[in-house]
Amino acid sequence: MSEAQKKQSFLHGTALLAMATVIVKVVGALYKIPLNAIIGKQGFSYFNTAYEIYAVLLMVSTAGLPVAMSRMISQASALRHYNQVRRVYTTARSIFLGLGLAGSLLMTVFCRQLANFLNQPDAWAAIGALGPSVFLICVMSTYRGFFQGQGNMLPTSISQVLEAVVKLLVGMLAAVLLLKMTGSIPFAAAGAIFGVTASCLLSAVYLFGCFRKSYKSLPQTNEEAFPFGATAKGLLIIAIPITIGSAGLQILTMLETKIYMGQLLAQGISQMQADDMKGVYNMTQTIFNMPCAFITPITISIIPAITAHLTQLNDQGAKSTEESAIRIMSLVAMPCAIGLAVLARPVTALLGRYKGADLILSTKLMTVLGLSVIFNAIVLVTTAIMQAHGFVNRPVINMFLGGVLKLVTVYILTGNPHIGILGTPIGTLLCYAVISVLNIASIRQLIPHAPAFFKNMSHALFAALFMGALAWLSWMGLVRLGITSQLLLCALPVLVGVAAYGVAVCKGKVLTKEDCMLLPKGEKIVKFLHL
């Protein structure tokens with residue numbers, strides 16, 4: 001396969017996952033935004049408390065192994081060692097199933113103890129309802145790691161969309177029914193989150209069907225595969241550092257919840273008030289996570305693409321792929337970050353339906369989290385680059401340092417009554433900013449042909465600043481005209497921003513001709529953008 005074809009494969013995989021992400025995020029918005037209205041701020045906080053515990057166990061179970069599978073299967077496929085591809089899959093499957101079973105049992109059996117630990121006793125039902133998902137996600141991850149290692153992102157993309165749709169239908173229906181039948185907000189939150197468990201089950205069934213066909217079609221070869229023990233060791237050498245880094249950051253995030261809830265309660269705030277504030281913060285986190293999720297397809301696609309280049313000793317090809325990923329990341333992250341920061345008030349007013357004190361709080365939280373999007377995106381891409389080059393320990397160290405800084409910041413700031421829960425997103429911003437700096441410095445130190453960051457990000461940054469200025473001015477203009485419709489106050493500035501960003505991208509040559517030529521209909525795109 002030529003270098004152009006490999007780049008095409010990388011961007012094609014990224015495009016598939018990005019399209020799926022768009023659909024998933026739209027469906028997710030249709031799920032969480034009305035859900036916030038149905039179960040209220042308290043119920044939404046219980047929902048997210050369960051998710052925080054789930055995320056920790058999920059990271060322990062699946063953060064490192066899919067990356068390890070993807071790298072090892074990509075290497076074996078590049079060398080046409082298909083017996084080793086089979087061995088990597090069967091070995092990873094055994095490890096996955098054991099971790100998934102342990103995680104599900106922990107959430108289901110100890111749901112009350114976990115809820116009490118996080119200072120939210122009424123979240124126990126949601127935690128228990130989400131427990132089986134850990135095992136199901138592990139099953140799905142074995143299939144996704146198998147496909148991604150071969151550069152096939154289609155099954156992952158379709159399964160993600162399937163998950164989102166089933167989660168919406170089952171979760172919303174269960175939440176409404178349980179709220180009517182029991183009148184209990186904790187049980188309604190449990191019903192809502194049960195949609196996740198149901199969606200994982202159906203997605204796992206779909207992926208199994210795809211996997212069975214693909215596995216049977218692997219060519220028969222004569223090479224001798226490595227033994228189970230050696231393969232397991234190879235997987236764990238890659239997976240354990242990544243898991244420690246990812247799960248460690250999630251554990252720190254869970255501890256962050258315990259810290260700021262404890263600090264709020266220590267100030268004399270009632271449990272109900274603290275739950276309400278956490279619900280508002282969780283809603284802004286949901287909005288913050290939307291643009292960040294569009295970066296994940298890049299990181300999933302970049303690892304096997306870079307690994308294939310490095311396996312064939314093509315350092316320049318790896319660098320070119322990395323810089324293309326940085327440009328695409330910037331093209332997505334910069335406008336999202338600036339847009340959320342300058343339009344925090346109309347966005348949270350529309351999506352969260354907040355008014356009064358809740359709107360003031362959500363605006364402050366969203367402004368800080370909006371700026372954090374840029375650094376979170378940088379962290380995701382730089383971590384993937386280091387992992388693809390085999391440097392799996394350095395990202396772990398950097399994440400740990402940033403995470404500790406975050407906890408210290410949250411403890412100090414949320415303990416100040418004049419700052420309160422606003423200290424939590426400030427801690428997030430500092431955390432990702434520090435990790436970004438450390439990761440870029442590490443890449444320059446460890447990788448001989450390191451990609452250029454500022455050069456590949458600067459054009460998108462300037463275009464986003466131009467967009468942000470016009471979007472904010474248009475919002476202020478609507479406010480001065482006396483417009484009160486939250487839909488208009490949000491939608492019109494967003495449309496102005498999109499148009500301004502499109503013009504700035506075209507005029508500022510944010511995308512290169514080389515990038516466009518790697519996309520479907522590349523020649524037409526080049527002509528349209530006059531590159």
Side-chain angles (χ1 to χ4, degrees), residues 17-18 20-36 41 44-56 58-59 62-63 130 133 137 160-161 163-164 167-168 171 192-193 195-196 199 246-247 249-250 252-254 256-257 278-300 329 332-341 343-344 347-348 350-352 354 362-363 365-381 383-384 399 402-403 406 421 424-429 431-433 435-436:
L17 289 173
T21 301
V22 170
I23 298 172
V24 167
K25 287 301 158 185
V26 170
V27 175
L30 295 174
Y31 176 50
K32 286 190 176 181
I33 292 170
L35 183 65
N36 184 48
K41 291 174 288 187
F44 200 66
S45 71
Y46 303 151
F47 180 96
N48 281 279
T49 294
Y51 244 113
E52 288 164 7
I53 298 170
Y54 170 70
V56 172
L58 198 62
M59 286 297 177
T62 65
L130 192 57
S133 298
I137 283 288
Q160 288 175 342
V161 174
E163 273 184 78
K167 179 175 67 176
L168 168 67
I193 212 161
V196 177
S199 69
S246 300
L249 197 58
Q250 288 297 330
L252 291 173
T253 300
M254 187 174 68
E256 171 193 68
T257 299
K278 182 179 183 295
V280 174
Y281 175 55
N282 289 150
M283 187 61 191
T284 58
Q285 281 184 307
T286 298
I287 300 170
F288 160 75
N289 287 329
M290 288 182 184
C292 298
F294 289 96
I295 308 303
T296 302
I298 301 173
T299 64
I300 292 173
M329 175 273 291
V332 175
M334 294 297 182
C336 291
I338 302 300
L340 286 177
L343 298 177
V347 167
T348 56
L350 177 66
L351 300 183
Y354 296 129
S362 65
T363 300
L365 295 170
M366 193 72 260
T367 301
V368 180
L369 285 175
L371 296 174
S372 303
V373 169
I374 296 174
F375 297 107
N376 189 20
I378 295 172
V379 169
L380 290 172
V381 171
T383 297
M399 284 186 181
K406 181 179 183 180
I421 199 169
T424 306
I426 293 174
T428 299
L429 176 61
C431 170
Y432 286 121
I435 298 174
S436 297

**Request:** Could you tell me which non-hydrogen atom of Ser436 sits nearest to which non-hydrogen atom of Val379, and how far apart they are?
**Result:** OG-CG2, 3.4 Å
**Message:** Once rounded to the nearest 0.5 Å, what's the spacing between atom CD1 of Ile378 and atom OG1 of Thr383?
**Reply:** 11.0 Å
**Prompt:** Can any side-chain N or O of Thr367 pair as donor or acceptor with the backbone N or O of Ala344 at less than 3.5 Å?
**Reply:** no
**Message:** So, taking the atom named CG in Asn282 and the one named CG in Asn289, what distance separates them when rounded to the nearest 0.5 Å?
**Reply:** 10.0 Å
**pair Phe375-Leu429: side-chain heavy atoms closer than 4.5 Å** = yes
**Closest heavy-atom pair and its distance - Phe44, Gly279** = CD2-O, 3.8 Å
**Asked** Could you state the interatomic distance from CD1 (Ile435) to CG (Leu380), rounded to the nearest 0.5 Å?
**Response** 10.0 Å
**Request:** State, to 0.1 Å, how close Cys431 and Gly402 come at their nearest heavy-atom pair, and which atoms those are.
**Result:** SG-O, 3.4 Å
**Asked** Do Leu365 and Met283 come within less than 4.5 Å of each other through their side chains, counting heavy atoms only?
**Response** no
**Prompt:** When rounded to the nearest 0.5 angstrom, what is the spacing between CD in Glu163 and CG in Leu168?
**Reply:** 13.5 Å
**For Ser362, side chain to side chain donor-acceptor pair (under 3.5 Å) partners two or more places apart** = Thr348
**Message:** Rounded at 0.5 Å granularity, tell me how far OG1 in Thr428 sits from CZ in Phe288.
**Reply:** 6.5 Å
**Request:** Verify, without hydrogens or angle tests, whether Lys278 (side chain) and Ser45 (backbone) share a donor-acceptor contact under 3.5 angstrom.
**Result:** yes
**Asked** Roughly how far, to the nearest 0.5 Å, is OG1 of Thr363 from OH of Tyr354?
**Response** 10.5 Å
**Message:** side chain to side chain contact (heavy atoms under 4.5 Å, CB included), that's the test. Do Leu340 and Leu369 meet it? Break it down for me.
**Reply:** CA-CA 8 Å; Leu340 286 177; Leu369 285 175; over 6 Å; no
**Message:** Restricting to non-hydrogen atoms, name the atom on Val373 and the atom on Pro291 that form the minimum distance, rounded to 0.1 Å.
**Reply:** CG2-CG, 4.0 Å
